[in-house]
> 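There's a structure below that I have some questions on.
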Amino acid sequence: MQKIARAYNLAQEKLARYLRENEKRPSKVRNMVLTQICQLPQPFTADQLLKACEADRISVGTIYNSLETFVDANILVAFERQMGKNAAEYELITGSANRMQIICQKCGRVTNFTDKAITTLIQDRKYSNLNMQHFSLFVYGECKICRKKTLKNNKE
């Protein structure tokens, strides 16, 4: 619960700063959406957020507008997946949002991993036109389970 409260407070601070800097008004409904986001398992999809907000009767348009605002405010990072659905996943940016995943192109199974050597290599890299905040690495291929099924089907 404390982790959720910390994430919400950090997100609230970023949102307040973004709204001030962009001369936009605060919104009670947007805060309700942000509360739901902080309680969802990370990463999450827009569909998962819609289900979480059903009881509050928040419109689909408001959900998507809020997601866009939160991405613009650096509260969320959006990851586009191209596994048949073309659906985006969202994740709260709390400190480091570095993400490394192995994705099976057959079944869509996602496995998170960490690799200190890769992280160091990317973070130590100097980019002349960019002050890097976080990175994503997606490795696509065929998982062990699907590979076994393919080999079994080929033998038959």
Side-chain angles (χ1 to χ4, degrees), residues 1-15 17-18 21-22 30 32-54 58 60-155:
M1 191 67 162
Q2 200 173 26
K3 187 177 179 181
I4 292 171
R6 209 172 314 128
Y8 180 77
N9 290 336
L10 177 64
Q12 270 300 111
E13 289 172 19
K14 286 182 176 182
L15 180 60
R17 185 173 41 252
Y18 174 80
E21 290 171 358
N22 292 279
R30 195 183 294 124
M32 291 167 63
V33 173
L34 187 56
T35 300
Q36 291 296 336
I37 287 171
C38 291
Q39 294 174 6
L40 287 173
Q42 303 292 316
F44 65 93
T45 64
D47 286 341
Q48 290 170 316
L49 180 58
L50 283 165
K51 286 178 186 166
C53 292
E54 274 179 347
I58 300 171
V60 174
T62 299
I63 298 287
Y64 280 98
N65 287 337
S66 296
L67 287 171
E68 188 176 320
T69 298
F70 298 152
V71 169
D72 291 344
N74 258 343
I75 294 167
L76 295 178
V77 63
F79 298 96
E80 295 294 328
R81 278 263 167 75
Q82 314 227 317
M83 297 302 299
K85 290 183 182 178
N86 260 357
E89 283 188 341
Y90 299 89
E91 189 169 350
L92 280 167
I93 299 174
T94 52
S96 170
N98 295 340
R99 171 189 271 202
M100 291 184 245
Q101 293 183 326
I102 297 170
I103 302 167
C104 179
Q105 291 179 292
K106 286 202 171 183
C107 68
R109 181 177 288 112
V110 177
T111 306
N112 293 313
F113 74 98
T114 57
D115 185 313
K116 288 182 182 181
I118 292 172
T119 300
T120 301
L121 179 71
I122 293 172
Q123 288 178 335
D124 287 351
R125 174 82 166 87
K126 301 294 181 212
Y127 302 94
S128 60
N129 297 332
L130 179 74
N131 180 16
M132 186 182 75
Q133 296 173 349
H134 51 83
F135 70 87
S136 302
L137 173 66
F138 301 105
V139 180
Y140 295 93
E142 187 177 25
C143 72
K144 191 185 297 184
I145 295 168
C146 289
R147 198 169 43 248
K148 284 181 182 177
K149 286 179 185 175
T150 301
L151 289 172
K152 184 179 175 183
N153 290 339
N154 287 344
K155 287 181 181 179

> Rounded to the nearest 0.5 Å, what's the gap from NZ on Lys144 to CD1 on Ile102? Could you check?
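Separation between the atoms: 10.5 Å.
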> Whether the side chain of Gln36 engages the backbone of Leu49 through a donor-acceptor N/O pair (distance < 3.5 Å, no angle test) should be reported.
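Not at all, since once roles are kept as given, no pair shorter than 3.5 Å links the two residues.
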> Does some side-chain heavy atom of Ile145 sit less than 4.5 Å from a side-chain heavy atom of Cys107?
no
> Under the rule for side-chain hydrogen bond (donor to acceptor under 3.5 Å, both in side chains), what residues qualify as partners of Thr69, not counting sequence neighbours?
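If we apply the side-chain hydrogen bond (donor to acceptor under 3.5 Å, both in side chains) test to Thr69, skipping adjacent residues, there are no hits.
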> Could you tell me the separation between the OG atom of Ser136 and the CD atom of Glu89, rounded to the nearest 0.5 Å?
10.5 Å
> Looking at Gln42 and Ile37, would you say the former's side chain and the latter's main chain have a donor-acceptor pair under 3.5 Å?
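Between the backbone of Ile37 and the side chain of Gln42 there is a qualifying donor-acceptor contact (under 3.5 Å).
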> Please round to the nearest 0.5 Å and tell me the distance separating atom CD1 of Ile63 and atom NZ of Lys51.
13.0 Å
> Are the side chains of Leu40 and Tyr90 in touch, meaning some heavy atoms are under 4.5 Å apart?
no
> Return the CG to NZ distance between Leu76 and Lys14, rounded to the nearest 0.5 Å.
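Those atoms lie 9.0 Å apart.
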> For Gln48 and Thr45, indicate whether the former's side chain and the latter's backbone hold a donor-acceptor pair under 3.5 Å.
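Flag set: sc Gln48 to bb Thr45 pair under 3.5 Å.
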> List the atom of Ile75, the atom of Ala11, and the distance in Å for their closest heavy-atom pair.
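Smallest interatomic distance, heavy atoms only, reads CD1-O, 3.5 Å.
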> Kindly write out the residues that satisfy side-chain contact (heavy atoms from CB on, under 4.5 Å) with Leu137, not counting sequence neighbours, or none if the list is empty.
Met100, Phe113, Ile118, Val139
> Under the side-chain hydrogen bond (donor to acceptor under 3.5 Å, both in side chains) test, which residues partner Asn112, sequence neighbours left out?
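Once residues adjacent in sequence are excluded, the partners of Asn112 under the side-chain hydrogen bond (donor to acceptor under 3.5 Å, both in side chains) criterion are Gln101.
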> Could you list the residues that satisfy salt bridge (Lys or Arg N to Asp or Glu O under 4.0 Å) with Glu142, not counting sequence neighbours?
Lys106
> Rounded to the nearest 0.5 Å, what's the gap from CG on Leu151 to SG on Cys146? Could you check?
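Rounded to the nearest 0.5 Å, the CG-SG separation comes out at 11.5 Å.
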> Drop me the distance from Tyr127's OH to Met132's CE, to the nearest 0.5 angstrom.
6.0 Å
> Would Phe70 and Arg30 count as a side-chain contact (heavy atoms from CB on, under 4.5 Å) if you check the C-alpha gap in whole Å, the side-chain angles of each, and the deciding distance to 0.1 Å?
CA-CA 9 Å; Phe70 298 152; Arg30 195 183 294 124; 3.5 Å; yes
> Tell me the closest heavy-atom pair linking Ala7 and Leu92, and the distance in Å.
CB-CD1, 4.2 Å
> Which is it for Thr119 and Phe135 under the side-chain contact (heavy atoms from CB on, under 4.5 Å) test, yes or no, and what are the steps along the way?
CA-CA 9 Å; Thr119 300; Phe135 70 87; 4.0 Å; yes
> Okay, side chain of Thr62, backbone of Ile58: is any donor-acceptor separation there less than 3.5 Å?
no
> Who passes side-chain contact (heavy atoms from CB on, under 4.5 Å) against Lys126, sequence neighbours left out?
none
> With sequence neighbours excluded, tell me which residues meet side-chain contact (heavy atoms from CB on, under 4.5 Å) with Asn153.
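Partners of Asn153 by the side-chain contact (heavy atoms from CB on, under 4.5 Å) criterion, ordered by chain and then number, come out as Glu156.
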> State which residues pass side-chain contact (heavy atoms from CB on, under 4.5 Å) with Gln12; sequence neighbours excluded, sorted by chain then number.
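By the side-chain contact (heavy atoms from CB on, under 4.5 Å) rule, Gln12 matches Tyr8, Leu15, Asn31, Leu34.
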